[in-house]
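Taking it in order: structure first as structure tokens, then the write-up.
Chain naming here is simple, since letters A, B, ... match the order of the sequence lines and numbering starts at 1 in each. FYI, side chains are in, hydrogens and waters are out, and symmetry mates aren't considered; it's all heavy atoms of this structure. Nothing here was measured: the structure is a model prediction, and the numbers come from that model.
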Amino acid sequence: MVRRFPFGTDRPHTERSPGIGLAFCPECSIKYNHLRQLDPLVWEVSPMTVSSYEDSYLYRLRHSAAHLMAQALTELYPGIKLAIGPPIENGFYYDVDAPTTIREEDLPKIEARMKELSKLDQRIVRIVAADRNEARTKILEETTLGQGPEVAEYKLLLLEAVPEGEDVSFYDQQRTDRAGTHHRFIDLCRGPHVDTTKEIKHFKLMSIAGAYWRGDVKNKQLTRIYGTAFESAEELETYLHNLEEAKKRDHRILGRELGLFMFSPRVGTGLPLWLPKGAMLRDTMTTFMKEEQLKRGYDPVVTPHIANIKLYEKSGHVITFREKMFPFMEDDEKETFILKPMNCPFHIEIYQSQMRSYRDLPIRYAEFGTVYRYEQSGEVTGILRARGFTQDDAHLFVRPDQLLDEFIGVVDLMKTVLSRLGLTDFRARLGTKDPASSKYIGHDDNWTAATAAIEQACQKIGMEYFISPGDAAFYGPKLDLIIKDALGRDWQMGTVQVDYNLPERFELEYIGEDSKPHRPVMIHRAPFGSLERMIGLLTEQYAGAFPFWLAPVQIAVLPIADRHVEYAAALAQSLRLDHKYRVHLDDRRETLGKKIRENQLQKIPYMLIIGDRDIENGTVGVRSREDGDLGAMPLQDFLSKIDG
RNA sequence: GCCGAUGUAGCUCAGUGGUAGAGCAGCUGUUUCGUAAACAGCAGGUCACCGGUUCGAAUCCGGUCAUCGGCUCCA
């Protein structure tokens with residue numbers, strides 16, 4: 001691909017490796033990797049995609065920024081143990097085991113030292129060890145920079161993890177000062193890096209966090225320092241600005257501003273209270289889903305919020321999730337009850353309440369079931385991760401020969417739902433069993449069959465997915481829809497799970513054509529995932545400006561003066577009763593300007609302004625959320641406008 | 001649960017050892033208005049909570065709780 005760029009809008013970012021620069025097209029906001037310069041104005045380029053971020057200059061720059069930070073940390077905190085420091089989606093981090101606590105107030109100091117080190121124009125040189133022994137010696141003698149072998153603790157562990165036959169490389173940041181003394185900072189690293197520290201100019205250290213060595217909670221917790229780096233000051237500035245803007249879209253802020261939901265410490269962590277407008281939103285979404293499900297042959301059921309614990313002992317949930325359940329309701333003399341953490345066992349009970357024939361299947365039980373899970377304190381995040389939430393749950397009991405079609409039907413429903421909600425930016429994740437873990441129940445044969453069913457269904461319906469080992473439910477593999485929030489964090493939304501194991505545990509049966517008992521397969525599914533998480537995410541996606549069909553208030557009627565209130569009230573009531581719109585009458589004695597401002601900030605799709613002229617002519621003054629004042633029009637014209 | 005940060009009026013925030021502040025919101029009055037904030041007045045806080053240091057603490061120290069950013073986890 002050859003593309004011509006206006007002079008000055010592109011640039012090779014490193015003279016020493018001209019083949020891998022980056023170009024930016026300002027008109028189309030697309031970044032390109034430039035492959036080759038054909039003449040002064042023309043580069044051969046390829047569009048930069050997510051998968052090639054790893055090959056980009058930016059990726060190397062951030063990786064080098066992590067090393068630069070490690071160098072500063074090594075100087076400022078003698079005895080610090082370096083672990084790993086990779087580039088990540090929006091920057092980089094380095095995990096360290098520091099001799100003293102590093103606080104956020106220390107970041108400016110570290111940043112300042114990085115700036116100095118950057119300016120020293122240290123050459124970054126790749127060194128490949130001849131063999132493992134030499135690598136080991138280098139780690140112990142050179143990367144420790146005379147601080148003693150103990151600072152190499154994590155690097156030695158990393159060396160063991162380098163696959164046999166792969167080069168073991170080091171990157172050395174070296175310079176010679178005016179007195180002629182040679183300085184170096186050498187770190188075990190696969191690379192690649194930029195050529196000199198001077199290239200690392202536009203960076204910022206963002207935050208400090210704890211992170212377990214190798215991501216395992218049983219290991220020591222290290223200190224992780226996050227930073228970001230860009231190729232230009234403008235890009236860094238834009239990134240930081242966008243981050244601030246994204247925070248304004250945070251569902252927790254909009255939830256309060258728009259009157260959707262609230263939390264109260266007197267109620268409890270992670271237990272949302274739904275306010276009138278939020279409750280309206282829930283109703284609209286629930287109604288939509290119920291209608292879709294009725295079209296597709298689901299049967300509604302309703303089950304209690306608590307149950308005898310024995311039910312969950314049988315399902316296997318108590319053993320796996322005891323610590324994540326709300327405290328049990330115990331009475332030594334009587335039964336023990338628990339708040340339900342999920343709905344499956346109830347639907348299984350309903351299935352088992354009578355003999356099922358092969359002719360009855362598939363059976364699809366749907367319920368908006370509110371469940372309670374005692375998430376760890378640090379895990380609760382507004383309504384995206386609450387301790388009480390409502391799943392748009394259903395369980396399908398199907399014959400093995402129906403599994404594929406039923407699974408496809410569910411994926412089709414999910415696609416319908418996503419498209420109706422206007423969510424286009426999602427990924428599908430196939431969570432499979434991690435062979436190394438012992439948390440999974442059931443025979444391998446079942447797991448293989450279930451996983452194959454999902455893959456087959458996805459292929460048939462053209463759903464692209466990526467495989468994530470270890471992300472299965474404990475009873476079966478699953479296909480999850482992953483969507484990002486305003487801050488770019490991934491959230492699991494809708495889910496479909498194929499389950500051979502609970503039917504076995506509960507000894508579910510149906511009588512086949514051959515008059516013999518057979519075992520059904522279960523599909524667990526929730527297209528939204530939960531109402532709470534989906535509403536939180538939609539709030540961020542739309543920045544609170546919900547599409548007309550979802551908006552809790554669709555139309556605000558604004559009388560200009562007291563004498564218009566009666567007419568406006570009648571109009572509002574007619575819109576409610578005759579046209580089934582959700583209408584708010586703003587009859588406060590405020591100026592029109594103020595009412596317009598406030599209803600606009602409430603992101604109401606349409607305002608109808610009523611004054612003398614409108615009453616006289618039978619018109620309404622229409623103001624749209626997106627396009628502002630549309631002027632006066634006959635009511636009928638407004639109605640046909642919003643109907644279309 | 002762990003690491004780091006934050007907690008002052010309903011909201012957004014100022015106040016670094018000496019009598020708690022502003023804007024918006026609220027209330028009262030005036031204004032009756034044509035497309036993003038009328039005007040005036042009033043009221044509102046155990047400075048998250050508990051303990052300590054001090055003649056004196058919103059401010060310094062310790063603990064607890066909640067929230068935020070991560071880590072781990074997510075049936």
Below 4.0 Å: OP1/OP2 of [N] and any side-chain N or O of [X]:
X: R214(A); N: C71(B); value: no
X: R224(A); N: U72(B); value: no
X: T269(A); N: U67(B); value: yes
X: K595(A); N: A37(B); value: no
X: T223(A); N: C3(B); value: no
X: K439(A); N: C74(B); value: yes

Looking for any heavy atom pair under 4.0 Å, which part of the strands does [X] touch: base, sugar-phosphate only, or nothing?
X: R385(A); answer: base
X: Y226(A); answer: sugar-phosphate
X: V380(A); answer: sugar-phosphate
X: P265(A); answer: nothing
X: D216(A); answer: nothing

If each of R613(A) and I102(A) is mapped to the nucleotide of RNA chain B with the nearest heavy atom, which maps nearer the 5' terminus, i.e. the 5' end?
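Taking each residue's closest nucleotide, the earlier one in sequence belongs to I102(A).
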Along RNA chain B (nearest heavy atom to each residue), the more 5'-positioned of E104(A) and I560(A)
E104(A)
Side chain of [X], base of [N]: donor and acceptor closer than 3.5 Å?
X: R563(A); N: C33(B); answer: no
X: R623(A); N: A36(B); answer: yes
X: Q376(A); N: U72(B); answer: yes
X: D614(A); N: G34(B); answer: yes

Indicate whether any N or O donor in one side chain lies under 3.5 Å from an N or O acceptor in the other, for T303(A) and K340(A).
yes
For the pair [X] and [Y], find out whether any cationic side-chain nitrogen is under 4.0 Å from an anionic carboxylate oxygen.
X: R588(A); Y: E598(A); result: yes
X: R623(A); Y: D629(A); result: no
X: K247(A); Y: E244(A); result: yes

Report yes if the distance between the aromatic ring centroids of F326(A) and Y374(A) is under 6.0 Å, otherwise no.
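Distance test on ring centres: under 6.0 Å, yes.
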Separation between the C1' atoms of C68(B) and A25(B), rounded to whole Å
25 Å
G18(B) versus G4(B) - spacing of their C1' atoms, nearest Å
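The same atom, C1', in both gives a distance of 34 Å.
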Is the ring of Y475(A) stacked on the base of A75(B), with centres less than 5.5 Å apart and planes under 30° off?
no
